[in-house]
Amino acid sequence: MVMVHYSSPLVTFVSTPRNQTQTQTQTQTRIQNQLSWVETLRSYARADDYTAALSTFISMCNAGVAPNHFAFPAALKAASGLRQLSVGQQLHASAVKHGYSHSMVAVGNTLVTMYARCGDLGGALRVFDKMDQRDQVSWNSLIAALCLYDEWGPALDALRIMLTECSEISSFTLVSILLACSNVAESVGLRLGKEVHAYGLRNGFFTNGKRFTNALISMYAKLGQIEDSISVFQCFENRDIVTWNSMISSLVKNEQYTHAIRTLYDIVQSTEIKPDEFTISSVLPACSQLDLLNTGREIHAHVLKNDNLFDNPFVASALVDMYCNLGRVEVGRFVFDQVPVQRHGLWNAMISGYAQNGLDEEALKLFVDMEVIAGLQPNETTMASVLPAFVKCDAFERKETIHGYVIKRGMEEDRFVQNALMDMYARVGKMDISRRIFYSMDAKDVVSWNTLIAGHVLSGTISEAFELLVEMQSDVNGLKPNIVTLITVLPPCGSLVALAKGKEIHGFSIRHGLNDDVAVGSALVDMYGKCGCLSLCRKVFDEMPKRNSVTWNVLIMAYGMHGHGEEAIKLFNEMISSKEAKPNEVTFIAVLAACSHSGMVHCGLSLFQEMKSKYGVKQTQDHFACMVDLLGRAGELNKSYDLISSMKPGPHMAGAWSSLLGACRIHKNVKLGSIAARHLFELEPDEASHYVLLSNIYAAAGQWREATEVRTLMRLNNVRKEPGCSWIESGNQIHRFMAGESSHPESSRIHSYLVNLWDKMKRNGYIPDVSSVLHDVEDEEKEKILCGHSEKLAIAFGLISKPPGTTIRVTKNLRVCNDCHETAKFLSKMERREIVLRDVRRFHHFRDGVCSCGDYW
DNA sequence: GTAGGGTTAG
């Protein structure tokens, strides 16, 4: 027997020496004695003082008093409570020796529960099978055991058999069944749960069973029927603290955060009920969700005033979690450092707090400390929290070694860890391994799908991402795309101008009620803007129930990119006066870029000067770079140059110099252009576009020798020009065209169409701008090269394949050349087609021979 | 009978 050390008045009582000879009185005394022992043992067990109960049992045996059929269940309950399987097994053997065990229902029942609670479900099932007799409690014990191991289906099967064997049903049965109902498929669980509810109503379980009512509240909430939970709660008057806690946690589970906080206030105002550790740890997540830092602080204060609450590990980690979720990582750390009892939950809360706030190195350090200092082995939750920090932390280079660690610790089966690993492989460019993990997973959840889709978006394999989006909806588990999915797939629709796909996703968001979400709405506004559909972009924006800074920024950006500078500034002023969202640094990037694209120099200058004083947004080097662009485009090349010279060195410098270089091409300034290019060759020697621009500038000025020199330099530096590439969506497919290439299946048809079109244009007075061609060859050859430009191929394909009257939307990876710009403008009138051409910088919207940018680009 | 810490996007 395991010895349990404790001191109690009982010890003196049991160690009193006994007489060796037995008289009748002595026998009576002995029986009396046994009764007292057992009674003491049972009262300890009833009071959940398991250590005392076991100790009593041991002393009783040592005193030569045989345990009876009341003693074993009490001792077994104590062993269960202490989760001591070996003690339970010894009790089991001892009970068999004394002739109890399975023949005695009470002992058998307690054995089932003991094995289940001590981590041995198999042992529990074996005992149940061997029992000669079973009563209602036996079945309850079995069902509860199965529920404990998440064997919900078998638990319900057991109930069906039980109903054929037992006529009586107790509140214990009902509570177990309700628990099982909450964890099976919604339709099955809800149907059965409602039957149990009705049964309880008919049989008076409401009047005598708080447990039943509390379980009902939780059951409805877990199955998403929060209205039913609330009505059960409201109809029940005999509420205790568990009832209130069940209601609060149900509300939080169903995202009814405001209601949850209100319920907490109801508790506080009532005199007889006081919030306990369950209340606190249930309600704190609601504070995070609603951004209620002050409410969180009040709760924290309440915890500090009742210091027994702070000893609860759930409360402590919920506080850490709340502060970190609200961005107060340092307060979270302060609380973390105050907690005397170090448990996994607490460490994991702090590690994920660091990781989610981008403090990767702190997260990694704590991950190490957890084992080294606290002696706690990281578990699956730790791993899933820390993996993103490993992936993002530049100081940690050999990312993949972490997979070995995961396997060594036996955590590779965990879904959250697998998802995090998939993300890691996607980010290091190993989509094959990411996919392999995905297809090896038994239970893929929405996050698994989202991670794989995001991986494909990240690695530029967009068609795979779109295919997965479709495949996902036929997943056997009935998974559906969620908000994150939509936010993942909408940006590539915008960048590829895949308008039909974008509209399809928009439709999906409406059908599934996801379009009211700010992030989804903003992504839709952005997508329509990038697809060149200003009207739909505006319509989505206007219909959104809630907008934030991002929403306004993407709308302003869209108007700016389309050359509607005045409108963009008007929207900026509306944003300020609506007070719906505050302008931030990105807002000023958007308005300054808008001014730049529309040549609104004065407006841009005054906004730039006022942004700090009037709007409280600090100027960054990126804003300076916008101003360089604005001045340069407007032809104020010297001012632009002076501004660059005043800028601090940093990664934004390349952008600034390339703005100036671009401006020099527009305004044909060879001298400044070559200065800008020289800086760029140093900063980004591998970037082909710089060489091409400078070469263009020389060529346009007729300086062919210099132009050739630049091309030679490019060769010497081993820089290869990124091939021009354009996309157009047609027939629910994205078609890609590379400059001078004929890999498209319809290539020859497009080519002959383009030759005819070119002739027709020239007959109608079009003069090709051959200055865009770098090669020093005959004009006829230059025209051939011009006709091979990818955007012309894409526009030609659009004219052939898209129904008359529809808009042609093309996007290009590089800047659109002068001749393609003029061609599109000419075609928009000659072929009576609206053409929207998007390049790396902005939109060119051609209608009836006019470009929205007014040739200012 | 009631409670937590995790993965995806921005």
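Any value given below was found using the heavy atoms of this structure, including those in side chains, with hydrogens, waters and symmetry copies removed. Throughout, protein chains are lettered first and strands after them, A, B, ... in sequence-line order, and every chain is numbered starting at 1.
Whole-Å rounding puts the Leu486(A) CG to dT8(B) C1' distance at 13 Å. When rounded to the nearest whole Å, the span between CG of Asn584(A) and C1' of dG10(B) equals 13 Å. When rounded to the nearest whole Å, the span between CE of Met424(A) and P of dT8(B) equals 13 Å. We find that CD1 of Ile437(A) is positioned 14 Å from P of dT8(B), with the value rounded to whole Å. If you measure from atom CZ of Arg435(A) to atom P of dT8(B), you get 20 Å, rounded to the nearest angstrom. Atom CD1 in Ile505(A) sits about 14 Å away from atom C1' in dA9(B), given to the nearest Å. One interatomic measurement links the two molecules: CH2 of Trp449(A) to P of dT8(B), which rounds to 19 Å at whole-angstrom precision. For the pair Leu469(A) CG and dA9(B) P, the computed distance is 16 Å after rounding to whole Å.
Residues satisfying the side-chain hydrogen bond (donor to acceptor under 3.5 Å, both in side chains) criterion with Lys582(A), sequence neighbours excluded, are absent altogether. The side-chain hydrogen bond (donor to acceptor under 3.5 Å, both in side chains) search around Arg297(A) returns Asn294(A), not counting sequence neighbours. With sequence neighbours excluded, the residues that form a salt bridge (Lys or Arg N to Asp or Glu O under 4.0 Å) with Asp369(A) are Lys365(A).
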Anything under 3.5 Å between a donor and an acceptor, one on a side chain of residues 480-494 of chain A, the other on a protein residue two or more places apart or in another chain? List them.
unit_1, atom_1, unit_2, atom_2, d
Asn482(A), OD1, Asn450(A), ND2, 3.2
Asn482(A), OD1, Val484(A), N, 3.1
Asn482(A), OD1, Thr485(A), N, 3.1
Asn482(A), OD1, Thr485(A), OG1, 2.9
Thr485(A), OG1, Asn450(A), OD1, 2.7
Thr485(A), OG1, Asn482(A), N, 2.8
Thr485(A), OG1, Asn482(A), O, 3.3
Thr488(A), OG1, Val484(A), O, 2.6

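Under 4.0 Å is where a charged nitrogen must lie from a carboxylate oxygen, and between Arg333(A) and Glu330(A) no such pair does.
Annotation: salt bridge (charged side-chain N to carboxylate O under 4.0 Å, His left out) contacts involving residues 222-242 of chain A, sequence neighbours excluded, are absent.
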Assign a letter to each nucleotide of nucleotides 2-7 of chain B from its 5' end: B, base within under 4.0 Å of a protein heavy atom; S, sugar-phosphate only; -, no contact.
BBBBBB
